[in-house]
Structures are given as structure tokens and as C-alpha cells.
*Asks:* 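The following block contains the structure, expressed as C-alpha cells.
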Amino acid sequence: MVFAASSLSKRIRICEEFCTPYRITDGSKFKLKDINPGDTGDLEAEDKPKAKELLSLGVETLAELQERLYADDSWALLMVLQAMDAAGKDGTIKHVMSGVNPQGCQVSSFKVPSAEELDHDYLWRYVQRLPERGRIGIFNRSYYEEVLVVRVHKDVLARAKIPPTLVDTSIWEERYETFRGFEHHLSRNGYVICKFFLHLSKKEQKKRFMARLDTPSKNWKFSTADIKERDYWDDYQHAYEEMIRATAATHAPWFVVPADNKWYSRLVVASALIAALGALDLKFPEIDDAKKAELAAARAALEKE
Ligand code: ATP
Ligand code: MG
């Protein structure tokens with residue numbers, strides 16, 4: 001396979017090409033309906049085994065790049081994952097990150113905010129979870145929920161304890177502005193930002209919910225709340241589209257990932273991360289003469305034992 005035998009720089013180039021169709025850096029013309037959740041690019045359903053093999057090679061490549069990121073210790077990667085229920089966020093994290101050293105990776109899952117969290121501005125809890133330099137931070141849901149679930153359900157906004165005089169119809173545009181500024185700030189401080197929307201069709205979601213009901217080992221994943229959220233499908237799609245239109249940027253692109261086929265969506269996510277880290281052209285730190293002398297002395301001491 002071409003990918004397997006290639007140098008790191010070639011593999012990075014292949015990934016860059018693979019993920020480019022899904023990368024949105026300027027949202028002004030973006031329409032969600034232009035992206036087909038069932039898209040599998042040049043691959044067909046019978047290519048699934050090949051795709052799995054490619055993913056494991058991608059996982060190895062990502063691990064290589066993560067080691068460099070960790071050793072370099074100046075950049076950090078922030079991966080934002082957003083999706084409707086059952087789109088495969090958890091599986092994506094599990095598979096794409098399976099080769100990465102757990103010490104260099106931090107996963108934060110954001111749920112309904114706690115009382116303590118609601119006592120602060122809404123960004124507070126997310127800022128605390130930003131990855132340190134040298135690390136990959138995964139936000140499983142993120143500050144973007146503040147323009148998704150909070151927008152779709154008016155009562156959630158009402159519980160957020162924001163002074164009522166500050167809440168009006170421009171609140172969503174203000175939040176987009178906040179995110180644009182926040183991400184610009186982060187990118188100027190060494191954060192590489194990759195935002196993913198796993199774009200699932202309503203039909204495929206139903207199929208996955210049915211599988212959760214039909215398969216005993218999947219019953220635990222089923223939640224009645226998820227079925228209720230399904231009633232707000234169109235509101236969510238609208239909120240996602242507006243959010244992507246308003247917050248896609250070169251330094252903080254959205255990847256709109258066709259998610260009806262897990263084997264394909266994982267390839268897109270892995271390739272986007274490889275391309276983003278690859279673009280940093282990270283090298284292992286150089287050893288200077290003083291360090292070389294130190295190593296030679298250590299070797300001599302060990303040999304003398
Ligand atoms: P899974 O279902 O695969 O375990 P999940 O991310 O859906 O993963 P849940 O515990 O089911 O996790 O859901 C988390 C819930 O928290 C979601 O319904 C989401 O909308 C909600 N949530 C996340 N952020 C906020 C927020 N800022 N305000 C209100 N609700 C939020
Ligand atoms: Mg859920």
C-alpha cells in the first residue's frame with residue numbers, strides 16, 4: 001500500500017489531500033446541505049477492510065507526530081468534537097487516538113453545567129481544560145454547545161443566570177464573536193485548532209438508536225433523552241450551519257465530516273489531525289555540544305560500573 005511505504009512527509013501530504021474537501025476555513029458560502037452524510041469519497045463499501053488498514057497506519061502516523069509534539073513542548077493541539085447523538089464521537093476518540101501515548105492526550109467531556117460552573121461565565125469551564133503545551137486536548141462537546149443546545153432550548157439559557165438585561169436577540173452573534181476572538185487568541189499562543197462536526201443523517205441516527213434497543217450489549221447506550229432531542233433535529237441543523245458559517249477560520253477550521261459510515265468518518269478525522277500536526281514540521285530537539293558531553297560522561301560512568 002502506498003501509504004505504508006511512504007516517508008512521514010509523503011504520508012502527511014496524502015492526509016492533507018484526503019481531508020481538504022471537508023475543511024471549511026471561510027464559512028460565508030457554507031451550506032450544510034452541500035455535504036452528504038453518506039459520502040465516502042473515492043472509497044466504496046467494499047473498501048471497508050482497506051479503510052480499516054489505512055486507519056491503523058494513520059493511527060501510527062499520529063502517534064509519531066504526537067511524540068514530536070510532546071518533545072517540542074511549545075505547540076498544543078485542540079480537537080473540538082461536536083455532533084448529534086449517536087454520530088460516533090466516542091468511537092472516533094477511541095479509534096483515532098488508540099495509538100497515542102495517554103500521557104500526551106487529555107479528553108474532556110462536557111455535560112450539563114454544574115451549579116459551580118453556572119456561577120461563572122460560560123467559558124470558564126472550557127478554559128480550565130485547555131491542553132498544556134506539547135499535548136493533544138480533545139473536547140468531547142465544547143463551548144460550541146453554548147450556541148447549540150443553549151440556543152435550541154430556551155429554558156437552558158434561562159438557567160444560565162445571565163442578567164436578563166444582557167440577553168437579547170444578538171446573543172448568538174455575540175457568542176460567535178467571542179469564539180472567533182478566543183480562537184484567534186489561542187492560535188496566537190501556539191494552539192492548533194481542529195474542529196469537527198460529525199455530520200450524521202436523521203435516517204442513520206434512527207438506525208443506530210434501533211441497534212441500541214435491539215442489541216443487549218448496546219442497551220446501556222440508549223437514552224430516552226436522545227429520542228426527545230431528535231424532535232429538534234431541524235433546529236439543531238440550523239444552529240450547526242450558522243455556527244460553522246460564523247466561526248470557520250484558517251487558524252480554526254471546521255471539518256464537516258460525513259458520518260453515516262464510521263469507517264470513513266474516522267479516516268477523515270485522523271487525516272485532518274495528521275495534516276494539522278504535520279504542517280508544524282516538528283523536529284525532535286537538537287542535542288547541543290554541552291548535552292553531547294553530558295551523554296558521553298554518563299555512558300563512561302555506566303561502563304565503569
Ligand atoms: P454519550 O451519549 O455518547 O455518552 P454525550 O456527549 O451525548 O455522550 P450525555 O451525558 O449523553 O453525553 O449528554 C451530555 C448532555 O449535556 C447533552 O445533552 C448536551 O446537550 C448537554 N450539554 C453539554 N453542554 C451543555 C451546556 N453548556 N448547557 C447545557 N447542556 C449541555
Ligand atoms: Mg448522549
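Atoms within a ligand are numbered from 1 in the order they appear, just like the ligands themselves.
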*Asks:* Are I274 and F18 joined in one hydrophobic group, where the rule is that I, L, V, M, F, W and Y side chains link up if heavy atoms are under 4.5 Å apart?
*Replies:*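 Yes.
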*Asks:* Within 45° of the six-membered ring axis of Y143 and under 6.0 Å from that ring's centre, is NZ or CZ of R175 located there?
*Replies:*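 No cation-pi geometry.
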*Asks:* Apart from I227 itself, what residues make up its hydrophobic cluster, given side-chain heavy atom links below 4.5 Å?
*Replies:*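 Members other than I227 - counting any ILVMFWY side chain reachable under 4.5 Å - are F209, M210, L213, F222.
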*Asks:* Give every pair formed by an N or O atom of ligand 1 and a protein N or O atom closer than 3.5 Å, one pair per line with both atom names and the distance to 0.1 Å, or write none.
*Replies:*
residue, atom, partner, partner atom, Å
ligand 1, 3 (O), D90, OD2, 3.1
ligand 1, 6 (O), K89, NZ, 2.9
ligand 1, 6 (O), R141, NE, 2.6
ligand 1, 7 (O), D85, OD1, 3.2
ligand 1, 7 (O), R141, NH2, 2.7
ligand 1, 10 (O), K111, NZ, 3.2
ligand 1, 12 (O), K111, NZ, 3.1
ligand 1, 16 (O), V112, N, 3.2
ligand 1, 24 (N), K111, O, 3.4
ligand 1, 24 (N), R125, NH2, 3.3
ligand 1, 27 (N), R125, NH2, 3.2
ligand 1, 27 (N), E146, OE2, 2.9

*Asks:* Hey, are Q106 and R129 close enough side-chain-wise for a donor-acceptor pair under 3.5 Å?
*Replies:*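 Side chains of R129 and Q106: no pair found under 3.5 Å.
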*Asks:* May I ask you to check whether T247 and E183 show a side-chain donor-acceptor distance below 3.5 Å?
*Replies:*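 No, E183 and T247 have no side-chain donor paired with an acceptor closer than 3.5 Å.
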*Asks:* Between the side chains of D39 and Y22, does any donor sit under 3.5 Å from an acceptor?
*Replies:*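 Yes, side-chain donor-acceptor contact under 3.5 Å.
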